[in-house]
Amino acid sequence: MLDQPTGADILDSVSRLLRDTLMPALPADLVFQARVAANAIDLVAREIRLAPGADQQAQSRLAALLSMTGSLDDLEAQLASRIRHGEMNLDTPGLFAHLLATAMSKVAVDQPSYQSYRQELEQPSSDAPRV
């Protein structure tokens, strides 16, 4: 098994090839399609790098919040059920922090240059909703 380069590193190289070498040489009608492909490759590389840690952290937060253990899918289903049945809401200690951390980890993979995400990263940490 190869240790280096990682799958994410290989995807980074392909993305750079598309952006730096191929896109400037492509006809204008293909540049957009190449940019979409490069963006998709970047997203997959971020998912490979960030999703396992984010999932593990979410599972830990949920286990503490719900006072139970289980798979991430089971814990998320339990959280949704408790919210749906009114057993938990934003007044529940730790719920908002979990929801915010989960949303932030998803945006870190999906759209890390999103301005509101960048601004939120610069905010002091808080467990209270900001309106």
Side-chain angles (χ1 to χ4, degrees):
M1 181 171 162
L2 293 176
D3 290 333
Q4 297 294 329
T6 66
D9 293 337
I10 293 168
L11 291 172
D12 289 342
S13 294
V14 173
S15 178
R16 278 193 307 277
L17 172 71
L18 279 168
R19 291 179 197 285
D20 299 343
T21 304
L22 299 178
M23 284 174 56
L26 287 172
D29 61 322
L30 296 178
V31 170
F32 175 76
Q33 293 174 15
R35 183 173 292 114
V36 169
N39 288 343
I41 289 167
D42 292 342
L43 187 144
V44 172
R46 287 189 304 271
E47 186 172 351
I48 289 169
R49 284 190 177 99
L50 302 175
D55 288 349
Q56 186 176 39
Q57 291 172 353
Q59 187 174 6
S60 294
R61 285 191 312 270
L62 282 169
L65 184 63
L66 300 171
S67 300
M68 62 183 288
T69 60
S71 71
L72 179 58
D73 288 343
D74 291 343
L75 293 170
E76 286 177 337
Q78 182 61 223
L79 176 64
S81 175
R82 290 185 190 186
I83 292 171
R84 184 173 39 256
H85 291 101
E87 298 168 25
M88 297 180 92
N89 59 43
L90 288 179
D91 293 329
T92 302
L95 179 58
F96 177 77
H98 166 71
L99 296 174
L100 179 60
T102 299
M104 293 293 286
S105 68
K106 291 180 183 298
V107 176
V109 170
D110 186 53
Q111 201 59 251
S113 61
Y114 186 58
Q115 183 178 0
S116 294
Y117 169 76
R118 305 300 308 163
Q119 290 171 340
E120 185 64 32
L121 287 178
E122 296 169 4
Q123 295 289 328
S125 180
S126 173
D127 201 22
R130 285 192 278 284
V131 182

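Heads up: numbering here begins at 1 and tracks the sequence.
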Minimum heavy-atom separation for [X] to [Y], with atom names?
X	Y	answer
Val31	Met23	CG2-O, 3.7 Å
Ala34	Leu26	CB-CD1, 3.6 Å
Leu75	Ala63	CD1-N, 4.0 Å
Tyr117	Pro112	CD2-O, 3.3 Å
Leu65	Gly94	CD1-C, 3.9 Å
Ala58	Leu72	CB-CD1, 4.0 Å

field: Side chain to side chain, Leu66 and Met88, heavy atoms closer than 4.5 Å
entry: yes
pair Arg19-Asn39: side-chain heavy atoms closer than 4.5 Å: yes
Using modelled atom types and a 3.5 Å cut-off, is there a donor and acceptor pairing between side-chain atoms of [X] and backbone atoms of [Y]?
X	Y	answer
Glu47	Asp110	no
Ser81	Ala77	no
Ser15	Leu11	no

Pairwise distance [atom1]([X]) to [atom2]([Y]) - rounded to 0.5 angstrom:
X	Y	atom1	atom2	result
Ile41	Asp12	CD1	CG	10.0 Å
Leu90	Leu99	CG	CG	6.5 Å
Leu95	Ile83	CG	CD1	5.0 Å

Hydrophobic clusters here meaning ILVMFWY residues chained together by side-chain heavy-atom distances under 4.5 Å, can you tell me if [X] and [Y] are in one?
X	Y	value
Ile48	Leu17	yes
Leu62	Met68	yes
Tyr114	Leu100	yes
Ile10	Val109	no
Leu79	Met104	yes

Any side-chain donor near an acceptor of the partner, Thr92 and Arg82, under 3.5 Å: no
- prompt: Is the count of non-hydrogen atoms from other residues, nucleotides or ligands lying under 6.0 Å from Gln111 atom CD greater than 12?
  reply: yes
- prompt: Is the number of heavy atoms from other residues, nucleotides or ligands within 6.0 Å of CD (Gln119) greater than 12?
  reply: yes
message: Between the side chains of Arg49 and Asp9, is the shortest nitrogen-to-carboxylate-oxygen separation below 4.0 Å, so that they form an ion pair?
response: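 Here Asp9 pairs with Arg49 in a salt bridge, since their nearest N and O are under 4.0 Å apart.
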